[in-house]
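As C-alpha cells, the structure follows; a few thoughts come after it.
In what follows, every chain begins at residue 1, and chains take the letters A, B, ... in the order their sequences are listed.
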There are 2 protein chains.
Amino acid sequence: MISQKSKYALRALLALARIAPGETMRIAAIAARETIPKKFLEQILLELKRAGFVASRRGKHGGYLLLRSPEEIVFGDVLRLMEGPFVPLGCLSRGGHRPCTDCRDRRLCAVRRVFARVVAASDEILDGTTLSDLLSDPMGGLAGEPEEWSGAMRPISLVKM
Amino acid sequence: MISQKSKYALRALLALARIAPGETMRIAAIAARETIPKKFLEQILLELKRAGFVASRRGKHGGYLLLRSPEEIVFGDVLRLMEGPFVPLGCLSRGGHRPCTDCRDRRLCAVRRVFARVVAASDEILDGTTLSDLLSDPMGGLAGEPEEWSGAMRPISLVKM
DNA sequence: CTAATATCTATAAAATCTATAGACTATTGC
DNA sequence: GCAATAGTCTATAGATTTTATAGATATTAG
C-alpha cells in the first residue's frame, strides 16, 4: 500500500499546480481543500521543500508554491522521497544496500528476480507520469463510473505497495 | 515493501517444488534450509494449506508437499493470500471497497488513476510467473553479479510495495 | 506407549504509520 | 513597535501492522 503520507504529498502538489504561477497557497487552505490533517501536512510540505519541490513564504500572505513546473515533477521522485528507500524487497534498494539477512545467495534468490521485474515495470509508469499529465487530463479519458472499468484499468492486483 | 511473510511463503513453496513429487518435507527442514523462523513458518504453511496450495501429513514421517504442480502456482495468487486485500491505494481494492475517506470524488482522483496503471503492470508480471518458471531458470539468464545489472533489470523504483 | 510431527490459539515484541502538541521564527500591515 | 498571520522545528503519543514466540493439543508410525 502507498502510505497516506505519499498520497497527501501528491495531492498537495496537485493543489499547488492548479494555482497561478507565482501565487502561493496557505497550508490551511491546502489541508481544507484536500482533506488532509493540517499538522501532518506541515511536515510533508517541509520535506517537499527540503527536497526542492516547493518553496514557501512566511508571515502574512505567506504560503507555498511549486518550485519546479508541473511538467518537471515526476510521481516516482515524490514517492522515493516520501516512502524512503523502498522497493518491494529490501535487497533491491539502490546500490544493493539492505541485503536480505535470510537469503543464502542473492544471485540465486528467485523471489528477488521476480520483484526486480515488478519494480522496473512500476518505475516505467511512475517515472513517466508528471503532475501536468494529470492536470491536463483530469478524467483520464474515462467517461463512466469506476465500476464500469474493464481490462487493464481494473484494479485487480493485490501486491502490497 | 513485500512483507517477510510473503517472501517466506514463496521461498517455502519453492523449497517444496524442489523435492520429488509425493515426497514430504518437514517444517523444521524448510525453516533450516530457507532460514525462516520455524514457528512463523508454521503459521504460513497453515495458511497455504487452507488456501489449497499445499497438503500436509502429521505424525512421524509427516511434513508438507505441494498440492498443485509448480506450473500452476502463480506468484500473484500467493501474494494475494499472504498480503491480504492489497493494492497501492485502499480505494483500488476489488469491487471498490475500502474507499478513500479523504478523496472528494473517486472519478477525479488523479493519484488513483496513476496507481491503477501501476497495479495493472505489476499484475501482468506477478500473474504471469509461476514457481516452475523460477525452477527451470535458477539464474534468470544472468551470469554476472547483481551490481553489474543494468537497464530494465536495475532496481531503481522506490514505490512502496 | 513413545517419539516425532503438524495444529491451533493466544500473546508478546518490534516497527511503522499517522497524527497531534507546543514552542519558536519570520513577515506584513498598521 | 506591535499584533496578527503563517511557516518551522522537535518531540511525542496513539494506533496499527508486522514479526515472532509460547505452549497446549492432535495425529501418526513403529
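Of the candidate nucleotides dT8(D), dA6(C), dT18(C), dT18(C) has the atom nearest to the side chain of Phe40(A). Each of dT21(D), dT19(D), dA6(C) was ranked by its minimum atom distance to the side chain of Pro37(B); first place goes to dT21(D). Distances from the side chain of Arg26(A) to the nucleotides dA20(D), dA22(D), dA6(D) place dA6(D) closest.
Within 4.0 Å (heavy atoms only), Lys38(B) reaches no atom of the nucleic acid at all. Ile27(B) comes within contact range of the sugar-phosphate backbone alone, with a heavy-atom separation under 4.0 Å but no base atom that close.
Side chain Lys60(A) to base dG7(D): no donor-acceptor pair is found below 3.5 Å. Residue side chain Gln43(A) does not reach the base of dC9(D) through any donor-acceptor N/O pair under 3.5 Å, judged by distance alone. Side-chain atoms of Glu83(B) stay outside donor-acceptor range of the base of dT18(D), with no qualifying N/O pair under 3.5 Å.
For His61(A), a side-chain nitrogen or oxygen approaches OP1 or OP2 of dG29(C) to under 4.0 Å. Applying the 4.0 Å criterion to OP1 and OP2 of dA6(D), one finds that Arg58(A) has every side-chain N and O outside that range. Remark: Ser56(A) is in phosphate contact with dT8(D), judged by side-chain N or O atoms under 4.0 Å from OP1 or OP2. Look at Arg50(B) and you won't find any side-chain N or O under 4.0 angstrom from OP1 or OP2 of dA6(C). Between Lys5(B) and dT17(D), a side-chain N or O to OP1/OP2 separation shorter than 4.0 Å is absent. In terms of phosphate contacts, Tyr8(A) brings a side-chain nitrogen or oxygen within less than 4.0 Å of OP1 or OP2 of dA19(C).
One atom, CD of Gln4(A), and another, C1' of dT16(C), lie 14 Å apart when rounded to the nearest Å. Separating the CD atom of Glu47(A) from the P atom of dC17(C) is a distance of 12 Å, rounded to the nearest angstrom. To the nearest angstrom, C1' of dG7(D) lies 15 Å from CE of Met25(A). Remark: P of dT27(D) and CG of Leu46(B) are 14 Å apart, rounded to the nearest angstrom. For Ile44(A) and dC17(C), the CD1 to P distance is 13 Å, given to the nearest whole Å. Straight-line distance from the CD atom of Glu23(B) to the C1' atom of dT5(C): 16 Å, rounded to whole Å. Rounded to whole angstrom, the span from the CG atom of Leu65(A) across to the P atom of dA6(D) amounts to 16 Å. At whole-Å resolution of the value, CD in Glu42(B) and C1' in dT25(D) are 12 Å apart.
Position along DNA chain C of the nearest nucleotide to Arg57(A) versus Ser6(A) favours Ser6(A) as the more 5'-ward residue.
Going from atom CD1 of Ile44(B) over to atom NZ of Lys49(B) covers 16.0 Å, rounded to the nearest 0.5 Å.
Between the Glu83(A) side chain and the Ile2(A) main chain, no donor and acceptor come within less than 3.5 Å of each other. Of the possible polar contacts, none joining the Glu34(B) side chain to the Tyr8(B) backbone as a donor-acceptor pair under 3.5 Å is found.
Remark: Glu124(A) CD is loosely packed, at most 12 non-hydrogen atoms of other residues, nucleotides or ligands lying under 6.0 Å away. Heavy atoms from other residues, nucleotides or ligands lying under 6.0 Å from CD of Glu47(A) number more than 12.
Asp127(B) has a carboxylate O that lies under 4.0 Å from a charged side-chain N of Arg80(B), or vice versa, which qualifies the two as a salt bridge.
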